[in-house]
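Single-structure report; data block below.
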Amino acid sequence: MKILLDYDLTNMNTFRVPARAKFFTEIQSERDLSELFVAPEFKNNEKLFLGGGSNVLFTKNFDGIVVLNKLKGIEILDEDTESVEIRAMSGEIWHDLVTFSVERGYWGIENLSLIPGTVGAAPMQNIGAYGAELQNVLESVEALEVETGARKIFRKEECDFGYRNSVFKNEIKGKYFISAAILRLNKISKPKITYRHLREYFDQNKTEAKSSKDISKAVIDIRKSKLPDPAVIPNAGSFFKNVFVNEKEIEKILAKYPDLPYFEESGTKKIPAGWLIEKAGWKGKRTGNAGVHEKHALVLVNYGGATGEEIKNLAEQITASVYEKFGLKLIPEVNLI
Ligand code: EPU
């Protein structure tokens, strides 16, 4: 394990904004990890664990140590006629795990195809898309305590999962390094295609969801048609979270905006932030080098040469404008550094 100084992070974040790290290192093995945990550069500095860099916005240089997670490996731990238990190391690319699963005919994460980022980031965020969420299949998370290096297993119930949320983003933020995730997937057919865009896809293409691979393909096609590819137009997916409101609040907004779309979710109402941003006039707008994507208002993009500060300013303008129009506060999903 080598620790580098004053490291350029431009290629380490999918927004491709410039920023530098005081220290930088890459972890490829358990051995690298144990060396890292005793290194003074690690012990005495602020730490940032980076996977795909697909959910961060650097607004300034990072005055600490950035640890790039390249821990690899996917193994089957246990199997019976109905299900399979899989352990994936946290540095694996999430979509590679999806491919591994659908190629073998397993069900459970096909709706989460093409979500950028690593396996380690998945439980932090409780990633979700097209009617599925990681918490539906996750069994446990293996982690190391940053302070002591001690190993800990978080059972699903201990992860305190919510919408794009977990214990790792709250009570114990920054205190653990996630080393692996253990999932239980189904071998028995369990298609989940109730999400509107997915249902429409199968109706329009007159095909059936016979395998998890069929659903994966559908999700890939839908995502490609709506969401900008970070390799072409740098972005970090949804910049904001959707907004949850209670009965009273929704009635107030509906009285003024009867066309407001909303969805029932765990006893509350979810309003798509993309709709609020579009309605506030931001879809496709560009300020300087940053902008709001023309096909999806929830995605902020770097048209080339934008700084993190520039994107943050745009996000703040959008937040202020949505608040003024609807009285609703947008919360970033992206981690601002
Ligand atoms: N909408 C608009 N204008 C837009 C975009 C969306 O009006 O420009 C409205 C439409 O009513 C649409 C609704 O928003 O029907 C929902 O849009 P979409 O299905 O694209 O989903 P979303 O709620 O905007 C969430 C996730 C996405 C995920 C999709 C698909 C969040 C913050 N985002 O977006 O995740 O792919 O559902 O399930 O929950 C990501 O996290 O990076 C991400 C892309």
Side-chain angles (χ1 to χ4, degrees), residues 2-27 36 41-42 44-70 90-91 93-94 115-122 124-125 127 146 164-166 168-170 173-178 227-241 273 286-293 296 298-320 330-337:
K2 256 204 203 130
I3 295 179
L4 306 170
L5 299 175
D6 189 28
Y7 196 83
D8 180 13
L9 300 170
T10 315
N11 293 327
M12 303 284 145
N13 72 95
T14 62
F15 261 128
R16 287 191 59 81
V17 295
R20 304 189 79 84
K22 187 172 164 195
F23 299 109
F24 175 86
T25 191
E26 201 175 295
I27 295 299
L36 174 72
E41 292 91 338
F42 183 77
N44 306 329
N45 281 287
E46 204 186 327
K47 304 148 187 61
L48 176 67
F49 298 111
L50 216 52
S54 56
N55 209 39
V56 285
L57 176 63
F58 290 109
T59 59
K60 53 182 180 308
N61 290 337
F62 185 69
D63 189 28
I65 182 161
V66 167
V67 178
L68 184 66
N69 180 355
K70 286 277 180 75
S90 53
I93 301 297
W94 170 261
I115 293 186
T118 53
V119 166
M124 305 256 318
Q125 283 282 95
I127 54 169
V146 168
R164 291 296 198 280
N165 213 350
S166 76
F168 305 106
K169 283 176 90 177
N170 294 295
K173 189 175 176 185
K175 293 205 162 68
Y176 284 87
F177 169 81
I178 294 176
L227 298 167
D229 178 356
V232 183
I233 308 176
N235 74 87
S238 304
F239 193 91
F240 299 101
K241 294 186 190 190
R286 178 174 175 163
T287 59
N289 296 321
V292 180
H293 194 244
H296 206 303
L298 203 48
V299 182
L300 303 192
V301 296
N302 175 2
Y303 283 110
T307 60
E309 193 63 28
E310 213 174 338
I311 296 170
K312 184 181 164 205
N313 285 341
L314 172 63
E316 282 170 358
Q317 286 179 54
I318 295 170
T319 307
L330 294 179
I331 310 283
E333 189 196 48
V334 167
N335 189 8
L336 277 84
I337 308 284

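What you see below is based on every heavy atom in this structure, not just the backbone, and it leaves out hydrogens, waters and symmetry mates.
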- Message: Would you compute the distance between atom CD of E309 and atom CG of L336 and round it to the nearest 0.5 angstrom?
- Response: 9.5 Å
- What pairs with P228 under side-chain contact (heavy atoms from CB on, under 4.5 Å), at least two apart in sequence or on another chain? I233, N235, H293, V299, V301
- Taking only residues two or more places apart in sequence, or in another chain, which ones meet F62 in a ring-ring contact (aromatic ring centres under 6.0 Å, His included)? none
- Message: Are Y303 and R286 packed together at the side-chain level, in the sense that at least one heavy-atom pair is separated by less than 4.5 angstrom?
- Response: yes
- Message: Can you confirm whether E46 sits close enough to D63 that some side-chain heavy atom of one is under 4.5 Å from a side-chain heavy atom of the other?
- Response: no
- Task: Answer with yes or no whether the side chains of N302 and N289 bring together a donor and an acceptor at under 3.5 Å.
- Result: no
- Item | Name of the residue among V66, I27, V146 meeting side-chain contact (heavy atoms from CB on, under 4.5 Å) with F49 | V146
- Can you check whether T118 reaches W94 side chain to side chain, under 4.5 Å on heavy atoms? no
- Is the backbone of T10 close enough, under 3.5 Å, to the side chain of N13 for a donor and an acceptor to pair up by distance? yes
- Message: Taking side-chain contact (heavy atoms from CB on, under 4.5 Å) as the definition, give me every residue that meets it alongside E333, ordered by chain and number, with sequence neighbours left out.
- Response: N55, Q125, R164, S238, K241
- Heavy-atom pair with the smallest gap, counting every atom of F15 and A236: CE1-CB, 3.5 Å
- Residue pair M12, Y7: steps toward the side chain to side chain contact (heavy atoms under 4.5 Å, CB included) verdict: CA-CA 10 Å; M12 303 284 145; Y7 196 83; 4.0 Å; yes
- 4.5 Å side-chain heavy-atom contact, I337 and T59: no
- Item | Backbone of D6 reached by a side-chain donor or acceptor of R20 within 3.5 Å | yes
- List the atom of M124, the atom of S166, and the distance in Å for their closest heavy-atom pair. O-OG, 2.9 Å
- Query: Can you name the closest pair of heavy atoms from G53 and V56 and give their distance?
  - Reply: O-CG2, 3.8 Å
- Task: Would you mind reporting whether V292 and L300 have side-chain heavy atoms less than 4.5 Å apart?
- Result: yes
- Side chain to side chain, L57 and V334, heavy atoms closer than 4.5 Å: yes
- Compare every heavy atom of A290 with every heavy atom of A306, then report the nearest pair and how far apart it is. CB-N, 4.3 Å
- Item | Note, F42 side chain near T25 side chain (heavy atom, < 4.5 Å) | no
- Message: For L298 versus A273, what's the shortest heavy-atom pair and its separation?
- Response: CD1-CB, 3.5 Å
- Query: CZ of F239 to CG of L330: how many Å apart, nearest 0.5 Å?
  - Reply: 10.5 Å
- Message: As a quick check of understanding, evaluate side chain to side chain contact (heavy atoms under 4.5 Å, CB included) for F24 and I65, giving each step before the final call.
- Response: CA-CA 5 Å; F24 175 86; I65 182 161; over 6 Å; no
- Query: Looking only at atom types and distance, does a side-chain atom of K22 sit under 3.5 Å from a main-chain N or O of L5, one as donor and one as acceptor?
  - Reply: no
- Item | L50 and N69: CA distance, side-chain angles, deciding distance, side chain to side chain contact (heavy atoms under 4.5 Å, CB included) verdict | CA-CA 6 Å; L50 216 52; N69 180 355; over 6 Å; no
- Using atom types as modelled and distance alone, determine if a side-chain donor or acceptor of S90 lies under 3.5 Å from a backbone N or O of G120. no
- Query: Tell me, do T319 and I331 make a side-chain contact under 4.5 Å, heavy atoms counted?
  - Reply: no
- Query: Under 3.5 Å, side chain of K60 to main-chain N/O of F58, donor-acceptor pair present?
  - Reply: no
